[in-house]
> 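Quick one: this structure, given as structure tokens, is what I'll be asking you about.
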Amino acid sequence: MTVRQPHPAATAFAARRHGLLIDGRTQPALGGETLEVFDPARGRLIAVVPRGRRLDIDLAVQAARTSFEDERWRGLPADGRGRVLWRFAELVDAHAEELADLDILNNGMTEELAGWIVAAGASWLRAYAGLTTRILGKNASAAISGGGLDIHAYTAAEPIGVAGLILPWNAPIGSFLNKVGPALAAGCSCVVKPAENTPLTALRLGELALEAGVPPGVVNVVPGFGDAGQALVDHPDVDKISFTGSTAVGKHIVRSASDNLKRVTLELGGKSACIVFDDADLDVAIPTAADAIFKNTGQNCLAGSRLFVQEGSIDAVVSGLADIARGIRIGSGFDPAAQMGPIISEKQLARVMDYVAAGQAEGAELVAGGRRREGDGYFAEPTIFRNAGANSRIYREEVFGPVLVVTPFSDTGEVIKAANDSRYGLGGGVFTCDLNKAHRVAARLRTGNVWVNTYGLLHSAMPFGGIKESGWGSEMGQEGMEAFLQTKSVFVHLRA
Ligand code: NAP
Ligand code: MG
């Protein structure tokens, strides 16, 4: 295995003495505590960052609140905010290798995926730069006064205020830019709480935002554990929480946020179904279904972790998938030939292996994989089960690892029912060459996103979000920015 060295700037950044980023300054945590950051491909310590607690969150929220109230950011002309966001995107592009390598180091993802996320993240920022001048209201004067026009009435879209942005570890750069971009476009100030496992790129992106011209105090970054996230959720001066992570924590956030009814956007888990009909092009369906589950080592909210295959194609699809799974090169993201990286942590790997054991104990047939790789790092094999019981844990629960469950079906009605029989509703994949069937099935899937003859495409022009227990609201697209805006209605009585 030829493993290349990380970009020197990434290595240097990881080794730096880190601080919390509050009010444009780097500072230690008030309690002096730290948290250790690991490279999951080698299981080695790569950085130590301060651990923010409630008092640090208080300081960060205060900085964000002050910057919001004095209008140093929201008060800029929209085009001015757009220019800064565009510069931020250019800085992300200019530091693409450093940023990608920091996430390979810290998250373990492949070079290809890390490169895609950085480039996509920069393009999302540019899209939000353009949206700053598309924050529009409506004029209802004619509806109210008719021809008389004695009432001038309009709506104004205003930034919600201080946003608490709580990030997961599975796509650190993507989730940072996907939340900070629209929050800034809307004119909000924010406090970012990255995942305990992956704080590095958030700290670096916070610096780049400052360098781009985002005023101090507008983007604050406080690494910490769940208690720091909880402090943001509880804080009376935080107006909005945007959270990506587990459904369990998402529900907890909703309960906590009910105290002051702050706005909440939730991007949670999934158990998404891909459906392969007999009339599908299997040369497309098989590699796409494999990618849907194994990309990012299955640590993907939209992972296609349930695969339904029509009876006439099941053997061909299962054997094609098993060949792909057995051929996948597992390794460090710094091995350019690696196709699947490690699991984020020892703890998460243990969780995935526990699901694999449960699958076998519950009687599912193991078709490929099923083992962890011995040696350094937290690697699991791409794993495929067939015929898992409809009530078994691997069939129903989100594994968040490279574990696929394949189930046969006979007709369209049956498979729609089975696909929709989940507490989640994030993604759905449909593979067919029949245009009518494609649209009809897409319409009947109870999910926030559907892909036909492809899977997992994301674009700044399209909103992304889940229904049922996959979450509330959308990210990306115009909707992604509207999640950080609120509406004010203004009535003006005009004198005759
Ligand atoms: P998680 O616990 O939901 O973490 C997500 C974020 O929320 C992290 O920053 C986390 O901090 C923070 N957090 C934890 N408890 C909190 C609380 N009470 N209030 C506010 N914030 C809190 O998820 P995880 O531990 O990273 O992963 C566990 C499972 O979640 C995975 O196995 C997977 O099923 C799911 N997951 C889903 C997604 C997705 O994109 N939908 C992403 C990641 C994980 P810490 O990092 O310190 O825990
Ligand atoms: Mg957690």
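Atoms within each ligand, like the ligands themselves, are counted from 1 in listed order. It should be emphasised that the depicted structure is a prediction, and the values quoted were computed from it without experimental measurement.
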> Should Asp376 and Arg42 count as an ion pair when the cut-off is N to O under 4.0 Å?
no
> Could you tell me, atom by atom, which parts of ligand 1 come under 4.0 Å of a heavy atom of Trp169?
24 (P), 26 (O), 27 (O)
> Just jot down the ligand 1 atoms closer than 4.0 angstrom to any heavy atom of Gly229, in number order.
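Under 4.0 Å from Gly229, ligand 1 has these atoms: 19 (N), 20 (C), 21 (N).
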> How does Ile166 reach ligand 1, by side chain, by backbone, by both or by neither, if only non-hydrogen atoms under 4.0 Å count?
side chain
> Can you list the atoms of ligand 1 that are under 4.0 Å from a heavy atom of His252?
18 (N)
> Does atom 26 (O) of ligand 1 have any protein heavy atom closer than 4.0 Å?
yes
> Do me a favour and list the nearest non-hydrogen protein atom to atom 28 (C) of ligand 1 with residue, atom name and distance?
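So the nearest neighbour among protein heavy atoms is Ser246 CB, 4.3 Å.
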> Nearest to atom 40 (O) of ligand 1, what protein heavy atom do you find, and at what distance?
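The closest heavy atom on the protein side is Cys301 CB, 3.1 Å.
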> Do Arg393's NZ or CZ and the ring of Tyr355 fall within the cation-pi criteria of under 6.0 Å and 45°?
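Yes - Arg393 lies over the ring of Tyr355, closer than 6.0 Å to its centre and within 45° of its axis.
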> Taking Trp169 as the fixed residue, which of Phe176, Phe38, Phe400 is the one that meets the ring pair (Phe, Tyr, Trp, His ring centres under 6.0 Å) rule?
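Filter result, single survivor: Phe400.
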> Please name the residue in the list Arg255, Arg54, Lys262 that meets the salt bridge (Lys or Arg N to Asp or Glu O under 4.0 Å) test with Asp234.
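Looking at Arg255, Arg54, Lys262, the match for Asp234 under the salt bridge (Lys or Arg N to Asp or Glu O under 4.0 Å) is Arg54.
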> Judged on heavy-atom distance to atom 42 (C) of ligand 1, which of Ala202, Pro168, Ala228 sits nearest?
Pro168
> Between Lys468 and Thr447, do the side chains contain an N or O donor and an N or O acceptor separated by less than 3.5 Å?
no
> Nearest to atom 5 (C) of ligand 1 by heavy atom, Thr244, Val249, Ile344, Val399: which?
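Answer by nearest heavy atom: Thr244.
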> Looking at Asp58 and Arg65, does any basic side-chain N land under 4.0 Å from a carboxylate oxygen?
no
> Answer side chain, backbone, both or neither: which part of Asp227 comes under 4.0 Å from ligand 1, heavy atoms only.
neither
> Pick one of side chain, backbone, both or neither for how Leu268 approaches ligand 1, counting any non-hydrogen atom pair under 4.0 Å.
backbone
> Compute whether any side-chain donor of one residue and acceptor of the other, for Ser67 and Ser189, lie under 3.5 angstrom apart.
yes
> Applying a 4.0 Å heavy-atom criterion (strictly less than), which segment of Gln348 is in contact with ligand 1: side chain, backbone, both, or neither?
side chain
> Is a side-chain donor-acceptor pair under 3.5 Å present for Ser422 with Lys271?
no
> Considering only protein heavy atoms, which is closest to atom 33 (C) of ligand 1, and at what distance to one decimal place?
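Result: Phe400 CG, 3.3 Å.
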> So, for His459 and Phe464, is the gap between ring centers shorter than 6.0 Å?
no
> Between Leu200 and Val37, is a side chain to side chain contact (heavy atoms under 4.5 Å, CB included) present by the stated rule, with each step listed?
CA-CA 8 Å; Leu200 296 181; Val37 184; 4.2 Å; yes
> Suppose we measure from atom 13 (N) of ligand 1 to each protein heavy atom; which comes out shortest, and what is that distance?
Gly226 CA, 3.7 Å
> Can you pull out the closest protein heavy atom to atom 32 (O) of ligand 1? Residue, atom name and distance to 0.1 Å, please.
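Checking every protein heavy atom, the shortest distance to atom 32 (O) of ligand 1 gives Arg351 NH1, 2.7 Å.
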> Between Leu99 and His7, is the side chain to side chain contact (heavy atoms under 4.5 Å, CB included) condition met? List the steps.
CA-CA 9 Å; Leu99 288 165; His7 192 282; over 6 Å; no
> With heavy atoms of Leu167 as the reference, note each atom of ligand 1 found under 4.0 Å away.
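In order of numbering, the contacting atoms are 6 (C), 8 (C), 9 (O).
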> Considering only protein heavy atoms, which is closest to atom 34 (O) of ligand 1, and at what distance to one decimal place?
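For atom 34 (O) of ligand 1, the nearest protein heavy atom is Glu398 OE1, 2.7 Å.
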> Could you check atom 45 (P) of ligand 1 against the protein and tell me its nearest heavy-atom contact, residue, atom and distance included?
Glu196 OE1, 3.0 Å
> Just jot down the ligand 1 atoms closer than 4.0 angstrom to any heavy atom of Gly269, in number order.
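With Gly269 as reference, the close atoms of ligand 1 come out as 41 (N).
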> Check for me whether Arg372 meets the cation-pi criterion with Phe379, that is, NZ or CZ under 6.0 Å from the six-membered ring centre and within 45 degrees of the ring axis.
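Ring-cation test returns no.
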> Tell me the protein heavy atom at minimum distance from atom 18 (N) of ligand 1, and give that distance in Å.
Gln230 OE1, 2.9 Å
